[in-house]
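Reading through the structure tokens given below for one structure.
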Amino acid sequence: MKSSKLNKILLLTIVLSLIFTMTAEAAAFTDISSHWAKSYIERVADKGLVAGYNDKTFKPDNNVTVLESLVMLSRLYDIDDDLRDEIIEKYKPALEGISNKKGYEWSFDYLPIIIELGVVSENGIKDMFAKKTIFQDATREEIAVLLTKAMILGEEAQNLKVYTLPFTDAEKISTAARPYIYVMYDKEILQGDSKKNINPTNKITRAEISTVLDKAYNYIDKHDIYPEFADYVPTTVAEGVITKLGDEKNESYIYIENKGEDEKNVKINSKTEVYVNGKIKKFSDLKEDMVVKCKIDENKYAVKIEADSNKKVVRGTVYYVAYSDPASITIYNKKDDKVKYDVSSDLSVYLDGKEIAMRNLEKKDEVTLLLNKDKVYQVNSVSRIKDYEGEITSIDYSSYPIKVSIKTKDGIVKTFEFDSNVEVTRNEKESSFDRVRAGDEAKITTEYNKMIKINTVAKEAEMSGTINEILIGPVNKIKIADKNGEVKQYNISSNAVVIIGNKNASINDLRVGYNVNINTSGDEIVTIESSEIQAAINFTGKVIFINKDDKILMMQSTNRSGQSELVYLKITNSTKIFNISGDTKYIKDIEEGQSVLSTAISQGGEYVAVSIMIQ
């Protein structure tokens with residue numbers, strides 16, 4: 001194990017010690033006022049490494065067992081709770097099978113850290129329990145070895161080749177412990193007494209271990225020493241009830257809801273471990289309304305999912321709440337049946353993720369009840385009025401009522417039904433639903449999850465330009481030239497919203513030369529807005545040259561002032577060419593010297609022919 005800032009695990013803000021019964025005033029001990037180790041004891045007690053007794057004593061001269069010292073050392077670093085849980089889960093099952101554990105099971109929340117730090121191996125712990133040496137008083141040299149390893153200095157001790165121990169009783173130190181004692185001496189953690197004796201076989205007292213722990217902490221802090229847990233992935237925990245499962249683009253996912261908060265999207269891949277009631281299962285074994293706990297990595301994929309199918313989930317609206325004993329809650333469930341449920345003594349009630357009192361529940365509130373053995377242990381409720389903000393991803397017109405899907409900033413897709421009673425605004429001004437389009441930023445207001453208002457904000461155009469060509473077919477397409485003259489072709493969604501000026505229109509109302517703003521979803525255009533219709537210009541005259549490769553027609557025309565001018569016309573696939581009889585013609589049918597009448601639109605500094613009539 002190596003020191004690393006990259007995996008910095010913040011130093012000591014240690015939780016309450018279980019080695020001895022904890023007191024509320026950790027440093028206010030009544031029996032250390034004149035003790036030589038008073039300042040050391042107070043400092044490590046304040047940091048949570050050691051604690052006193054209920055009678056407010058510390059008993060500084062009592063000895064410390066090997067087990068007690070290991071637990072103290074396990075708290076040298078403030079390890080992230082999720083990471084600590086992972087380490088405990090890794091080793092605790094094996095520890096629970098060891099002999100002579102009765103009465104010491106509490107230590108299984110600390111010994112896994114010792115194993116992971118490399119202080120003592122898993123087999124070493126088992127052997128110490130089996131031989132009961134772990135319950136014996138620890139010696140000074142034992143603490144030197146254990147503390148050196150806990151401080152990530154074990155490798156330094158093992159690599160020592162030449163060193164001198166400056167203690168009078170150095171010959172009493174065991175061969176195996178000598179390099180560790182030297183490292184502790186070199187780091188000024190462990191010193192000899194006034195006679196320069198290290199007393200390696202003496203029992204270590206609570207005062208003495210407080211002293212070395214205080215010095216060890218200062219050394220760790222000064223030298224930025226932090227353990228590196230290379231085999232562990234940083235995770236966060238999401239708990240709640242599965243509301244939706246699915247597969248999209250070869251990626252599985254679940255939505256979970258907890259305490260009335262907004263749903264969370266948990267992604268699942270082939271590496272995700274799935275457990276149901278403690279047994280290894282598959283993703284397909286997960287069901288809606290299962291209570292789950294998910295460990296999620298930094299890429300938002302579930303590392304582990306633990307589901308409990310024994311707990312029951314019921315949804316409905318509140319009819320009546322009985323606060324007095326025996327407390328109960330009566331709801332109308334989704335089948336509109338009125339059902340009464342008893343509640344447990346440790347009931348928790350949440351509104352939008354915040355804990356509230358049971359008396360704050362109101363009639364008609366929408367609730368999710370979590371039951372264990374037919375008693376409600378948690379009630380999750382949501383506000384009557386809620387807002388959801390995000391981007392409209394789709395509008396389904398295939399059936400009535402219309403369905404509007406919005407993707408929130410948390411990646412959750414919510415679908416709501418629209419009917420004529422919904423208030424519609426656009427940029428907070430009165431509008432109508434025909435102006436709502438996919439790609440809009442929207443805020444949907446609901447009352448008990450039913451849409452009552454939608455306000456949209458037009459999304460800034462992803463691209464602006466001039467229509468170069470329109471292709472009508474099974475899949476409508478459009479070519480648009482940007483301000484630099486670069487032309488790009490787009491498919492047009494069958495549900496695309498087209499607005500010309502301030503009026504709704506269709507793809508058939510668009511014309512070559514129109515200036516447009518577009519927004520896309522995927523590879524399709526979902527909105528086309530033309531702020532103004534380009535004015536058409538008529539030219540009459542004779543053709544003087546035709547560039548059939550570049551589709552450019554040069555004609556001599558007379559302007560409104562009666563002056564002759566040379567006009568260049570760009571011919572596109574959308575240009576309609578015909579003769580005076582209305583017969584369709586093509587560019588190959590136009591000849592130099594012929595008289596023509598052309599209607600054109602100015603586009604990017606050139607005239608694009610909308611129509612050409614051969615006279």
Side-chain angles (χ1 to χ4, degrees), residues 12 17 19-20 27 29-47 49-53 57-73 75-76 119-120 133-154 156-158 160-223 225:
L12 285 167
S17 173
I19 303 173
F20 307 99
F29 304 124
T30 61
D31 59 344
I32 64 169
S33 59
S34 60
H35 199 280
W36 64 268
K38 179 178 182 293
S39 61
Y40 296 107
I41 293 170
E42 289 176 339
R43 283 195 293 269
V44 293
D46 286 341
K47 292 162 186 169
L49 284 171
V50 297
Y53 298 88
T57 63
F58 184 74
K59 306 187 190 310
D61 298 318
N62 280 13
N63 294 335
V64 178
T65 67
V66 174
L67 178 60
E68 291 167 349
S69 65
L70 288 175
V71 174
M72 291 178 186
L73 297 179
R75 290 169 167 165
L76 268 175
V119 179
V120 183
T133 55
I134 201 166
F135 309 123
Q136 295 175 0
D137 292 338
T139 65
R140 289 170 58 81
E141 76 169 19
E142 284 177 324
I143 293 302
V145 174
L146 297 174
L147 184 56
T148 301
K149 292 180 178 180
M151 293 174 65
I152 326 297
L153 297 171
E156 180 178 333
Q158 293 167 10
L160 282 176
K161 300 298 182 184
V162 179
Y163 58 92
T164 301
L165 291 168
F167 305 115
T168 304
D169 58 349
E171 75 281 354
K172 295 182 181 180
I173 305 172
S174 67
T175 302
R178 287 182 180 182
Y180 296 93
I181 287 183
Y182 178 81
V183 170
M184 288 294 93
Y185 165 76
D186 183 58
K187 310 304 181 189
E188 300 183 355
I189 307 289
L190 198 62
Q191 302 296 312
D193 60 19
S194 59
K195 297 180 181 179
K196 295 186 178 181
N197 290 322
I198 192 66
N199 302 311
T201 59
N202 283 10
K203 310 299 183 186
I204 194 166
T205 65
R206 284 167 56 76
E208 290 171 333
I209 200 167
S210 296
T211 303
V212 296
L213 286 173
D214 182 63
K215 293 178 178 179
Y217 169 75
N218 291 335
Y219 182 88
I220 289 170
D221 187 31
K222 181 179 179 180
H223 294 85
I225 296 177

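Throughout, residue positions are numbered sequentially from 1 according to the sequence presented.
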Review point. Between Leu73 and Leu213, is any pair of side-chain heavy atoms under 4.5 Å apart?
Key: yes
Check your understanding: Is there a donor-acceptor pair closer than 3.5 Å between any side-chain N or O of Glu68 and the backbone N or O of Thr65?
Key -> yes
**Study point:** Test item: Glu156 and Lys187 side chains (from C-beta on) under 4.5 Å apart, heavy atoms
**Key:** yes
Point to revise | Check: Lys149 and Val120 side chains under 4.5 Å, non-hydrogen atoms | key: no
Review point. Which pair of heavy atoms, one from Ser69 and one from Val64, lies closest together, and at what distance?
Key: N-CG1, 3.8 Å
**Study point:** Rounded distance [0.5 Å steps], CD1 in Ile220 versus CD1 in Ile189
**Key:** 8.0 Å
Check your understanding: Does Ile198 offer a backbone N or O that forms a donor-acceptor pair with the side chain of Asp169 under 3.5 Å?
Key -> yes
Practice item. Could you pull out all residues at least two apart from Asp193 that satisfy side-chain contact (heavy atoms from CB on, under 4.5 Å)? Key: Lys195, Asn197, Asn199
Point to revise | Under 3.5 Å: donor-acceptor pair, side chain of Glu141, backbone of Ser174 | key: yes
Practice item. Could you tell me which non-hydrogen atom of Arg75 sits nearest to which non-hydrogen atom of Leu49, and how far apart they are? Key: O-CD2, 3.6 Å
Review point. Near Tyr219 OH, under 6.0 Å, is it more than 12 heavy atoms from other residues, nucleotides or ligands?
Key: yes
**Study point:** Spacing of Tyr217 atom OH and Tyr40 atom OH [to the nearest 0.5 Å]
**Key:** 16.0 Å
Review point. Is there a donor-acceptor contact under 3.5 Å from the side chain of His223 to the main chain of Ile225?
Key: no
**Study point:** 4.5 Å side-chain heavy-atom contact, Glu208 and Val212
**Key:** no
Check your understanding: Between Tyr185 and Phe167, what is the ring plane arrangement, given parallel below 30°, perpendicular above 60°, and tilted in between?
Key -> perpendicular
